[in-house]
Amino acid sequence: MSRKRYIQAINEALFEEMERDENVILIGEDVELAIFGDARGLYERFGRNRIRNTPICEATLTGMALGATAAGYHVILHMMFANFVYTGFDAIANQIAKMRLMTGGQIEIPITFIAGYGGGGSNAAQHSDSAHPVLMNLGGINVAMPSNSADAKGLLKTAIRSRNPCFFLEASARGGQMGEVPDGEHLVPFGKAAIARAGTDVSIVTVGSTVRTCLDAAQTLAEAGIEAEVIDLRTVVPLDEDAVLASIARTGRLVVVDESRDRCGAGSYIAAIAADKGFKSLKAPVKRVNIPNVAIPYAPGAEAEVLPSVEKIVAAVNQIGARRRAA
Amino acid sequence: MSRKRYIQAINEALFEEMERDENVILIGEDVELAIFGDARGLYERFGRNRIRNTPICEATLTGMALGATAAGYHVILHMMFANFVYTGFDAIANQIAKMRLMTGGQIEIPITFIAGYGGGGSNAAQHSDSAHPVLMNLGGINVAMPSNSADAKGLLKTAIRSRNPCFFLEASARGGQMGEVPDGEHLVPFGKAAIARAGTDVSIVTVGSTVRTCLDAAQTLAEAGIEAEVIDLRTVVPLDEDAVLASIARTGRLVVVDESRDRCGAGSYIAAIAADKGFKSLKAPVKRVNIPNVAIPYAPGAEAEVLPSVEKIVAAVNQIGARRRAA
Amino acid sequence: MNVAQASKLQSGAEAMPDKGTCLNLYSRMLLIRRAEECLARLSQEGKFPGAVHLYIGQEAVAVGVCSTLEARDWITSTHRGHGHFLAKGGELKSMYAEIWGRADGICRGMGGSMHVADFSKGILGANGIVGGGFAIATGAAFGAKLRADGRVAVCFFGDGAANQGVFMESMNVSSAWELPTIFVCENNGLSEFTVSSTVTGGALVDRARAFMPTTIVDGNDVLAVRAATEKAVARARSGKGPSYIECITYRIRGHLEAEEAFLAGGKYRTAPEIAAWQTPERDPVSRFESFLGRQGMADAAVLSAIQQEVADSVEKAVAHAEAGEPADTKLAYSLMFAGQEA
Amino acid sequence: MNVAQASKLQSGAEAMPDKGTCLNLYSRMLLIRRAEECLARLSQEGKFPGAVHLYIGQEAVAVGVCSTLEARDWITSTHRGHGHFLAKGGELKSMYAEIWGRADGICRGMGGSMHVADFSKGILGANGIVGGGFAIATGAAFGAKLRADGRVAVCFFGDGAANQGVFMESMNVSSAWELPTIFVCENNGLSEFTVSSTVTGGALVDRARAFMPTTIVDGNDVLAVRAATEKAVARARSGKGPSYIECITYRIRGHLEAEEAFLAGGKYRTAPEIAAWQTPERDPVSRFESFLGRQGMADAAVLSAIQQEVADSVEKAVAHAEAGEPADTKLAYSLMFAGQEA
Ligand SMILES: Cc1ncc(C[n+]2csc(CCOP(=O)(O)OP(=O)(O)O)c2C)c(N)n1
Ligand SMILES: Cc1ncc(C[n+]2csc(CCOP(=O)(O)OP(=O)(O)O)c2C)c(N)n1
Ligand SMILES: [Mg+2]
Ligand SMILES: [Mg+2]
């Protein structure tokens, strides 16, 4: 184990996987100088045939990633901010998410997309969106959203070894967060949630940038005598329904927290699963703490107002009457 | 009242609104020859300064619609198939959905987008998608999805008179469906659901292309003694939560039906609302009948397999034990 | 371009391939022609689901271009993709089976006409998104460039697609990185039911000229197309970068079969315009047939043998498709991901 | 283009505006310069949230172009939008207030630096999406064309943005429909931390040449920029269609303030390269200042009066922004739609 920043763990995964497999290449705008830090040093190590700055043309870059798989490459396409996923959305939604089905399974599509998502930095509406809901709706794309350094490394390595397209979404606000990362080969499987904190009174299901917030909320709740269980989904496609259902079975109460807009967001989907397969376990309404149906404002106070927070999570838990169980 | 096809009702709305307001213009690929029938005759009536064929360049067309509003136009942009919404997604998601907020409310954005959506015609994955979930997630866009001729006319007229961006999604498979349309001025407000069929035993909440399917299912259920209430949402943004909650309060049971993929789809969102604000009313799990998380296959049997159907709806209702109430 | 202008373009006759090659060109074009005619007929009879966009009139482009390619080279195709599929070596039987929605279709019935693909033969798919092939071809070419293996990627696209911005983006990447991408514009003057010139600024070739060598050829002259492509392929294989070839041609059938139903009496072109492109001198197939005769490469017997062979293939393919099993209705769940259920 | 090449471009001195105009050009450029320098300083001091992309070095472009426009004309801007905003008549005070996230910011604190807009003055917004302005400007120009009211729409964009396909799409629509769109490329040779030439095929001007009249000017010569724009505006107003003006210039500051933090020691340009564009002969402001002196249009007293006025404005704007109320934290809910809660 060693302590590393979230962004360093990503960088390590890229290094290791590019060392392991020479068919892995990384392209994107400004990846050579590695402005997010995740690609730092790769250009110096692997050179221009493995790491390459592209022109600004997201619509083509996404389609090119698909084309390059025909030549046997695993393409890592760095899309910078999740908002630019919309710019390159056509080939993602119409080609990559559908191509394997449309060809009757002739092909595998080993592409890893990287994009930073989420608010908190006064980056305003065009640099603060979370794109995972629209990606989740496409059907043919895996979506990994690590909440900590170890998962950042392990999930990215899994993505790069997978034969399927995957979005690896970096929590923009978490890049500097420290965490323990196992030494040596460390892979985190897709579709296996983690119990980030065990608890008996309420389940808080979350992913990515808000896991930390939920853990902080759980701490606050604990001080008030409520033991919250925090489930970190790690990947939203595939999604570990069993973990969610098992947790609700234990606690009977659910608050879903994530950093995406509410309408057709990730939180709504998880709530829907609970309302169906978990219904028998539920003792109270399923609450959602996420982003209201607005674009992200610039001014810090106005931005904070629309982001998930410890206060909102605690309030949601209290609203559904989670109480300390009799011992 | 007179009987009209769904597509004719749309055509009528376009005629009337373009007569009413000379600032309304309609552009899109092949709108002059009106291949879907919805724009038929408009070119002959209004000429090239009001109706205009565009080049194939969805990414620019969506942004142009925004620009033209600065010159005081209400732009109707016909995008043909919902899949092409993905092609023009950038300006929709990054500009139009956010621009009013980003400018501090300086502007209104009167744009009506039209697109046909949904499967059933062996049009394969790139011509059969439903784009409403991704649009719903953006936050700043209204989404109208008429299920019948009267609503098709009334909702489109409302969209064209509104000062906000709106997607008017035509159910591709319903273009030929006949229905009564009120004569004279007929406007249907946004955010007001209709009780398409009243019932006491189970609520079926649906919208657009699947309303007819749900009514057929309700008929089948009635024959088995189960009275289903069918709620036609009409618009999914804004969404008439009250109508949904009131119906569940009456029936205690909910099946959500719509033609979009399950993950972060419209159905999941409605189920999530029920699991929160409607929880007290619910006597059984909330079931979703929609599209599984796949692209739409071409072959008719394989396509039918993934679309909502009477059988699936009936099965879902039966699964949650809806029974005829004691009289 | 109208017929008179197209006729003035340089002919490809001087770069004459040998007889065997010529007969192959002929039989491939004829196969496409007959296969498409058959689809037109059976579409009217409702023999298969879905729509078809037929390639009749443009056969010389696909065949001329693909005759210069190796099996390992790639093509990306369009919504009008049957001709490209067959020209690049796709199997008629499995294409028909696909269009019929059969389990043994080339895409197991999941894609249909607009998505016929055979990656094992470098056919990266017909595409329902206009302009969808640009980036895919460019990405494949990028792969070839990185491997320095001499493979090339041909992107077929229409004059309508040339208004999609990905056209410029792909040319830019191909040019900046000297990729072996060959941009083949099939300029048939039409973009669905819109006359392309009404929605197009300037000349398409000038867009390409900003990035790479360009040439305009008579797209109904299979040898001219072939000669132009040979140059582009040589340039691409030797690592020098992309080329643009514009083939002036015409679509004889409607945008899609049964377009009348969509048009409801509306018209976007005239009967004489169509007829002018169907004369024996303009039609790519009959024109090349006469040419073979004049060159002494094929007498009536040779031609009729080829014609018979083609007719047999089409007939067999229909029988095969008709007899096929419907596609597996549960397949979608397992096909979305490799080794993962949807 | 390097300094030596840029210096050879045609100068605008022969199309000399009158003295009043020239002094306005100077004071506008100076206002932008001082306002940006102040932001650079206060950014380091952490006086406002969010990032700023400064325009220092490119002032002649925004000012030269906008000096030819009427209030009713439109501009679309970029992530580097302060200069455009101020040149088109936007108010410094309300721009600063916006950057400070204040309730009385021009966008009520909702947009920040990257989204400063004043629709009442035809400023259709800075934009965080590279290339986002192309279609918006084209749409506005389409509106003007339909109304035949002689308004024009100017689209400012960078050399990096010129690789976005919407550039070609917008030029195509503008050209096909003869729209009054004026494409102003600010070619500063840089695209974030990438030297643009490494990701760009061919010459940008050739892309435009396929659609419309083009010209390349020294973007650090305000009169040259103005003269070129005057021609384009005249053409546009008279209904003849779009033009392309490429302004060769250079960005003096980092891509965004505090870029060093992102670069972690990495370099994409050299100090001498920057210095070469900062000489009195190259810098757009000091160069025009000398020119005014040489022409006898402004003596030291006139210049220092202007300088004082500019300094005062900046100082007042800072004080105003510092003293402002924070943006309303609940505003977002009511701003997403007109007359409808989110
Ligand atoms: C992104 C997208 N927009 C629109 C369409 C609808 N469409 C299908 S074919 C076509 C015209 C294409 O014209 P061209 O590229 O010249 O090809 P041709 O039909 O002439 O072979 C259009 C607009 C589409 N399939 N995809
Ligand atoms: C769609 C999109 N892709 C990428 C970015 C990130 N980005 C911001 S500015 C920039 C470079 C723009 O270069 P140029 O257009 O030349 O403008 P300059 O910064 O030189 O003024 C990039 C890549 C973005 N904001 N939007
Ligand atoms: Mg065409
Ligand atoms: Mg630049």
Side-chain angles (χ1 to χ4, degrees), chain A residues 22-23 25 27 47-50 52-75 77 87-88 90-91 93-111 138-142 162-166 190-191 237-238, chain C residues 74 76 98 103 105-112 114-120 122 124-129 131-149 151 153 164-170 172-173 176-177 327 331-332 334-342:
Chain A
E22 63 178 18
N23 290 312
I25 60 177
I27 64 172
R48 188 151 186 273
N49 271 5
R50 305 279 305 281
R52 191 173 295 195
N53 280 355
T54 65
I56 310 172
C57 55
E58 287 79 5
T60 285
L61 298 179
T62 50
M64 276 184 69
L66 175 58
T69 65
Y73 284 101
H74 183 118
V75 181
L77 174 60
T87 320
D90 179 54
N94 277 321
Q95 311 291 350
I96 293 166
K98 298 176 168 48
M99 193 61 102
R100 193 163 192 278
L101 174 101
M102 293 190 302
T103 61
Q106 286 179 40
I107 52 166
E108 295 175 338
I109 307 178
I111 302 175
L138 298 177
I141 307 226
N142 283 325
S162 132
R163 308 300 300 162
N164 289 310
C166 176
F190 282 12
V237 182
Chain C
W74 298 286
T76 59
E98 184 60 29
I106 184 68
C107 301
R108 302 172 79 180
M110 296 294 108
M114 244 187 306
H115 303 288
V116 289
D118 188 344
F119 276 64
S120 74
L124 306 186
N127 212 306
I129 298 299
F134 286 119
I136 300 172
T138 302
F142 177 45
K145 181 79 181 185
L146 291 180
R147 296 211 187 282
D149 59 7
R151 288 163 96 174
Q164 289 279 32
V166 280
F167 175 38
M168 187 201 82
E169 293 181 352
S170 295
N172 180 50
V173 174
W177 295 350
L331 200 54
S334 61
L335 285 189
M336 291 299 287
F337 292 102
Q340 180 183 328
E341 282 294 296

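Here is the naming used below: chain letters follow the sequence lines, and residue numbers restart at 1 for every chain. Not measured: the values here are computed from a predicted model.
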key: Within-4.5 Å side-chain heavy-atom neighbours: C:Q340 and A:P238   = yes
query = Heavy atoms, side chains only, cut-off 4.5 Å: are C:F142 and A:M64 in contact?
reply = yes
ask   = So, the side chain of A:Q106 versus the backbone of C:A117: is there a donor-acceptor pair under 3.5 Å, distance only?
value = yes
task = Measure A:T69 against the heavy atoms of chain C and call it side chain, backbone, both or neither at under 4.5 Å.
result = neither
ask   = What pair of heavy atoms forms the shortest contact from A:R100 to C:L335, and how long is it?
value = NH1-O, 3.0 Å
key: Evaluation steps, side chain to side chain contact (heavy atoms under 4.5 Å, CB included), between C:H115 and A:T103   = CA-CA 7 Å; C:H115 303 288; A:T103 61; over 6 Å; no
Residues in salt bridge (charged side-chain N to carboxylate O under 4.0 Å, His left out) contact with A:E108, at least two apart in sequence or another chain = A:R163
ask   = What part of C:A137 lies closer than 4.5 angstrom to a heavy atom of chain A: side chain, backbone, both or neither?
value = neither
key: Check: A:N164 side chain, C:A338 main-chain N or O, donor-acceptor pair, under 3.5 Å   = yes
ask   = Considering residues, nucleotides and ligands other than A:E22, do more than 12 of their heavy atoms fall under 6.0 Å from its CD?
value = no
inquiry  = Tell me which pairs pass side chain to side chain donor-acceptor pair (under 3.5 Å) where either residue lies in residues 59-68 of chain A, with sequence neighbours left out.
reply    = A:T60-C:E169
request  = Check whether C:N127 gets within reach of chain A through its side chain, its backbone, both or neither, counting any heavy atom under 4.5 Å.
outcome  = side chain
query = When rounded to the nearest 0.5 angstrom, what distance separates OG1 in C:T138 from CG in A:L66?
reply = 11.5 Å
note = When the 4.5 angstrom heavy-atom criterion is applied to A:L101 and chain C, the contacting part is both
inquiry  = With heavy-atom distances below 4.5 Å as the criterion, would you say the side chains of C:F337 and A:C166 are in contact?
reply    = no
key: Residue, of A:M99, A:R50, A:R52, that accumulates the most heavy atom pairs under 4.5 Å with chain C   = A:R52
inquiry  = Could you check whether A:N49 and C:R147, counting side-chain N and O atoms only, form a donor-acceptor pair closer than 3.5 Å?
reply    = no
query = Nearest heavy-atom pair of A:L138 and C:M336: which atoms, and what distance?
reply = O-CE, 4.4 Å
ask   = Relative to chain C, which segment of A:A70 carries a heavy atom at a distance below 4.5 Å: side chain, backbone, both, or neither?
value = both
query = In terms of heavy-atom proximity below 4.5 Å to chain C, should A:L61 be classed as side chain, backbone, both, or neither?
reply = neither
query = What do the steps show when you test C:V173 against A:C57 for side chain to side chain contact (heavy atoms under 4.5 Å, CB included), and what is the final call?
reply = CA-CA 9 Å; C:V173 174; A:C57 55; 4.1 Å; yes
message = Ignoring hydrogens, what is the shortest heavy-atom contact between C:A140 and A:A71? Give both atom names and the distance.
response = O-CB, 4.3 Å
Residue, of A:I56, A:N142, A:N94, that accumulates the most heavy atom pairs under 4.5 Å with chain C = A:N142
query = What part of C:T76 lies closer than 4.5 angstrom to a heavy atom of chain A: side chain, backbone, both or neither?
reply = neither
task = Compare all side-chain heavy atoms of A:R48 with those of C:L146 and state whether any distance is below 4.5 angstrom.
result = no
query = What part of C:L124 lies closer than 4.5 angstrom to a heavy atom of chain A: side chain, backbone, both or neither?
reply = both
task = Could you tell me which portion of A:I109 (side chain, backbone, both or neither) has an atom closer than 4.5 angstrom to a non-hydrogen atom of chain C?
result = neither
message = Does any backbone or side-chain atom of A:A91 lie under 4.5 Å from a heavy atom of chain C? Answer side chain, backbone, both or neither.
response = neither
